[in-house]
Amino acid sequence: MDSNRIKVRVNSEIGKLQHVLVHTPGPELENMTPETAHHYLYSDILNMQVAQKEYGYFKKVLQKVAQVHEVKDLLADILKNDRVKMALVSKICKAEDREFLINYLYDLEPEVLAKQLIEGVALKDVSYINKDRFALLPLPNLFFMRDASFTMFDNIMISQMATQVRARECMILDAIYNMHPMFDTKVVNPVVQHSISAGGTIEGGDVQIIRDDVVVSGFGARTNMHGIESLVEHLKTKPGVKHLIFQELPLTPESFIHLDMVFTMLDVDKCMAYKPVIMNQQYKTYHITIDGQKTSIETCTNLLKALKNVGIDLEPIYCGGGDDFFGPREQWHSGCNFFCLAPGKFLGYGRNNHTLQALSDGGFNIVTAADVANNKVNLEKKEKCIVAFEGNELSRGGGGARCMTMPVQRMPVDW
């Protein structure tokens, strides 16, 4: 096997990061207006220059600890193959009823085509008259890399998005994972391949790999019960006993769209949680045990109790310090959404002061992404820390550090 290939493997949320996919936000952010923002699932429009500056420090921290791969570069790579290029262009155009664009897009150079598939095709670029600004819509959500795909053990899973506006992201990522020689994995679309009911949806922000036998998932606005069924069917194909714990989420407000907006892992024995959801029995928690083709299900008191029942005893640190006023404010701006670089080392927004104080009280040192990027702080010499990066603009997009990353390889964790 080519030594440059990535052996896809993610058996936890916290194992030392080795390879991760990202997308640096670009002009697609500026291709929204206040009138169209809601169509793209945004409640506001973002400033590209500010978002890119904040993202730059975020990415530099990732590059200090792992190999970082840009999706746009990988897309351009596979588009150099004419067969792949035609297949992907045709699939996208047919799905979006834009078949008149096929020849135009196919004639573009790979780098230009990759750019236009992400940033959108303006009508001025094609000989077609319409009242709309774009012949092919932009993808302003793409920098939230976790939603359209996720890694489960040795598989890359393609999401079945709850909204059609994000379907192209899945098509692009599916093509990259299947066609780029860098990935050594089997790509699975669980809803397409395993769902026993029609209409399933599942998004990567809801799915977390806790241990090599334990998966947790949210179900709510973006992942439905048919999507959960497809995960169960997929886990039946894996050896050994598996546990799928799924957590009901509120349907409103929009800050609760995924599980990682109310719960993320921080270390082998600590997690970040939004207390009004995770510790509230109004929102049900279920535990499915999967042993070959046999399954059993039980209701649990809450997510933390369900995890304790399978030997994962977590001390929660609460978003906003558990305060009834500051907790909801900071959860709204992704105060629960952290991404682990290694056990006990993770990235998150620096704007959520009460959450940072709770982390500090919990034994985690606070360092800034700027200091890490500028070599003033060496993460290898830090045992427990939160790397705080500026996210005043990025957070307005409705996601945080975990949302913006797609890990494809982590090192094992000593539990």
Side-chain angles (χ1 to χ4, degrees), residues 10 12-14 146-147 150 152 157 159-160 162 190-191 200-211 213-235 242-266 269-290 295-320 322 327-328 330-332 334-340 398-400 402-403:
V10 172
S12 75
E13 290 288 309
I14 62 175
R146 188 68 65 125
D147 296 346
F150 54 100
M152 181 179 284
M157 315 291 280
S159 300
Q160 192 78 5
V191 169
T201 61
I202 188 164
E203 299 192 1
D206 272 318
V207 183
Q208 299 184 31
I209 313 304
I210 306 300
R211 199 173 61 193
D213 61 336
V214 180
V215 177
V216 299
S217 177
F219 75 100
R222 298 294 181 87
T223 295
N224 63 21
M225 287 305 300
H226 299 317
I228 297 292
E229 287 174 354
S230 73
L231 280 187
V232 172
E233 293 302 308
H234 174 70
L235 289 172
K242 304 295 182 187
H243 302 275
L244 175 62
I245 300 167
F246 57 104
Q247 173 67 49
E248 182 183 9
L249 301 174
L251 296 179
T252 57
E254 62 204 57
S255 63
F256 295 134
I257 57 172
H258 292 135
L259 179 65
D260 63 12
M261 296 298 283
V262 295
F263 172 86
T264 46
M265 292 287 290
L266 304 177
D269 58 354
K270 288 187 172 62
C271 65
M272 173 59 61
Y274 182 59
K275 190 174 183 179
V277 171
I278 296 301
M279 305 306 289
N280 186 347
Q281 293 187 46
Q282 174 185 348
Y283 303 109
K284 304 298 184 184
T285 306
Y286 301 91
H287 175 192
I288 299 179
T289 301
I290 303 154
T295 61
S296 60
I297 185 169
E298 60 181 327
T299 304
C300 302
T301 306
N302 57 54
L303 180 58
L304 300 187
K305 181 66 165 60
L307 287 168
K308 187 173 182 178
N309 289 343
V310 293
I312 301 170
D313 193 0
L314 299 176
E315 175 189 345
I317 295 175
Y318 292 121
C319 178
E330 298 197 356
Q331 187 279 331
W332 179 264
S334 304
C336 284
N337 197 274
F338 293 93
F339 177 69
C340 278
R402 187 178 188 273
C403 300

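Worth knowing before you read on, the calculation uses all heavy atoms, side chains too, and leaves out hydrogens, waters and symmetry mates. Everything quoted here is computed from the prediction, not taken from an experiment.
Each of L259, L249, D206 was checked for a side-chain contact (heavy atoms from CB on, under 4.5 Å) with R222, and the lone residue meeting it is D206.
Looking at S159, its side chain does come within 3.5 Å of a backbone N or O of D147 through a donor-acceptor pair. The closest donor-acceptor contact from the side chain of E203 to the backbone of A162 lies under 3.5 Å. For N224 (side chain) and T201 (main-chain N/O), a donor-acceptor pair under 3.5 Å exists by modelled atom type. When atom types are taken as modelled, the side chain of E13 and the backbone of I209 share a donor-acceptor pair closer than 3.5 angstrom. Using modelled atom types, no side-chain atom of E248 and backbone atom of Y283 make a donor-acceptor pair closer than 3.5 Å.
Identified under the salt bridge (Lys or Arg N to Asp or Glu O under 4.0 Å) test for residues 303-319, with sequence neighbours left out: K270-E315.
With contacts defined as side-chain heavy-atom distances shorter than 4.5 Å, the pair L314/F263 qualifies. Contact check for L231 versus S217: side-chain heavy atoms found under the 4.5 Å cut-off. Using a 4.5 Å heavy-atom threshold, the side chains of F256 and V277 count as touching. Contact check for I288 versus K242: no side-chain heavy atoms found under the 4.5 Å cut-off. You'll find the side chain of M272 stays beyond 4.5 Å of the side chain of P316, heavy atoms only.
Rounding to the nearest 0.5 Å gives a distance of 7.0 Å between OG1 of T295 and CD1 of I290. The distance from the SG atom of C403 to the CE atom of M261 is 6.0 Å, given to the nearest 0.5 Å. Atom CG of N309 is separated from atom NE2 of H243 by 10.0 Å, given to the nearest 0.5 angstrom.
The pair D260-R402 meets the salt-bridge criterion, with a side-chain N (NZ, NE, NH1 or NH2) lying under 4.0 Å from an Asp/Glu carboxylate O.
Using modelled atom types, one finds a donor on one side chain and an acceptor on the other under 3.5 Å when comparing Q247 with T285. Q208 and T264 share no side-chain donor-acceptor pair at under 3.5 Å.
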